[in-house]
Novice: 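One structure, pasted below without further comment.
Order of listing sets the numbers, starting from 1, for every ligand and every atom in it. Quick note: residue numbers are just sequence positions, from 1. Because the structure is a prediction, the values reported are computed rather than measured.
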Amino acid sequence: MRYQYLASALGALLATSSAAPLSEPTTASDTNGDKYSLTEVGARNTLDWRIYLNKDGSPASFWHDVPLYPDSGNSSVINFVVEIPRWTDAKIEIKRDEPLNPIFHDDSDGEVRFVESIWPHKSYPFLYGSIPQTWESPNFNHSFTDFPGDNDPMDAFDIGNDIGYVGQIKQVKVLGALALNDGGETDWKVIVLDVNDPLAPFVESVDDLEEYRPGVAEAYRQWYLYYKVARGDGVLEIVGEEYQDASFAARTIEESHGFWRELVAGEVDSNEISYNQTSLPEFANSFVETVSTYDAFDIPRESSIEAAAEKPDEYDHWYYLDDEYELIVLPGEEVGDDD
Ligand SMILES: *[C@@H]1O[C@H](CO)[C@@H](O)[C@H](O)[C@H]1NC(C)=O
Ligand SMILES: *[C@@H]1O[C@H](CO)[C@@H](O)[C@H](O)[C@H]1NC(C)=O
Ligand SMILES: *[C@@H]1O[C@H](CO)[C@@H](O)[C@H](O)[C@H]1NC(C)=O
């Protein structure tokens, strides 16, 4: 009953495999017949830049129109929306308050944001992104963390060998999850592995991973603890300290999917989220006919890409921490300036 509405949307996805990384995102699509494509407008590294999703050739939302489960019978495999490809540092994400939630470059005080590199890591060491049709609701305290949600979809990171591209939609296995407390908000980070990665047949959990990729899970756990130190936010807390296991992570995702259903059904305070969607007519409060979206929401019909703006030099920098995770600052050195 619960997932009945997904059945029709899911059928065609069952045989899907991940698309190969493409250098030109506007022509990106899933390998099983142009399921998804992207429309990119503006210049990268600017506030006006956007990537919009098209599903079967029509505008759709990365958040609300990509099904959570590519195979409705298996909650350990989910769809994953890549926002930040591996080894890049631009803070790119889904825009929660714009119709159909395009991808944009996040800002801080009007400037585009990049993540600082803290030794030994350079930029994002994995593919980072979000889990469609989930919601970390800020309307109540999460039962595991006792903190309200951060009002975004759940986040995930793919530890496989694919580099990925912005807006890529791929199928991944859920291996576990970290319950991050980011400034008093619940912010789950689910560790996942591309189903097409050569490692995927051998790994179902963080423990399995240890056998083939020793130290990787712990290095990434550390990355989340201190990646905000250089911008002055301090070390983050991980509720429960360690990774929660794969079945707990899968249940938490399923629960979050339920919170999202209440959102698109228009049953709860949406906290300024734009929850219009084009694929679930049964949710009449949020459904929009695809043909009307171009005009109603001012969605571009074609890509028009401009040359990327330059990234500020200050991000080509390595920060070092002492054994208390404090930034090491040389006498007279100016670092950690967020501006
Ligand atoms: C779900 O998919 C995973 C990964 O392909 C597989 O190992 C597992 O056996 C599947 N579970 C079910 C219930 O089909
Ligand atoms: C959430 O927990 C905090 C304490 O961490 C408490 O002050 C607050 O009232 C709780 N909020 C709700 C909605 O229960
Ligand atoms: C979009 O969803 C909102 C609720 O967020 C609803 O009020 C509005 O009618 C929808 N827009 C369109 C064009 O249907």
Novice: Only heavy atoms of N141, strictly under 4.0 Å: list the atoms of ligand 2 that pass.
Specialist: 1 (C), 2 (O), 3 (C), 8 (C), 10 (C), 11 (N), 12 (C), 14 (O)
Novice: Can you list the atoms of ligand 1 that are under 4.0 Å from a heavy atom of E204?
Specialist: 7 (O)
Novice: May I ask you to decide if the ring planes of F157 and Y243 are parallel, tilted or perpendicular, using 30° and 60° as cut-offs?
Specialist: tilted
Novice: Relative to the heavy atoms of S76, which atoms of ligand 1 are at a distance of less than 4.0 Å?
Specialist: 1 (C), 2 (O), 3 (C)
Novice: Have a look at Y124 and tell me which of W87, W223, F114, Y220 forms a ring-ring contact (aromatic ring centres under 6.0 Å, His included) with it.
Specialist: W223
Novice: Might you point out which heavy atoms bring H64 and Q133 nearest each other, and give the distance in Å?
Specialist: O-NE2, 3.0 Å
Novice: So is K173 polar-close to ligand 1, meaning N/O to N/O under 3.5 Å?
Specialist: no
Novice: Look at atom 5 (O) of ligand 2 and say which protein heavy atom is nearest, naming residue and atom and giving the distance to 0.1 Å.
Specialist: D146 O, 3.9 Å
Novice: Give a yes or no on whether D313 atom CG has more than 12 heavy-atom contacts from other residues, nucleotides or ligands under 6.0 Å away.
Specialist: no
Novice: Hey, what do you get for NZ (K95) to CD1 (I273), rounding to the nearest 0.5 Å?
Specialist: 12.5 Å
Novice: Can you report which non-hydrogen protein atom sits closest to atom 9 (O) of ligand 1, along with the distance?
Specialist: N74 ND2, 4.8 Å
Novice: Which of the numbered atoms in ligand 1 are below 4.0 angstrom from a heavy atom of V77?
Specialist: 2 (O), 4 (C)
Novice: Which heavy atom of H105 sits nearest a heavy atom of K91, and at what distance?
Specialist: CD2-O, 3.6 Å
Novice: Given the protein's heavy atoms, is any one of them under 4.0 Å from atom 14 (O) of ligand 1?
Specialist: yes
Novice: Please check atom 7 (O) of ligand 2 for a protein heavy-atom neighbour under 4.0 Å.
Specialist: no
Novice: Checking contacts now, so for atom 3 (C) of ligand 2, which I'm interested in, is there any protein heavy atom under 4.0 Å?
Specialist: yes
Novice: Ignoring hydrogens and geometry, is there a side-chain-to-backbone donor-acceptor pair from D106 to I92 under 3.5 Å?
Specialist: no
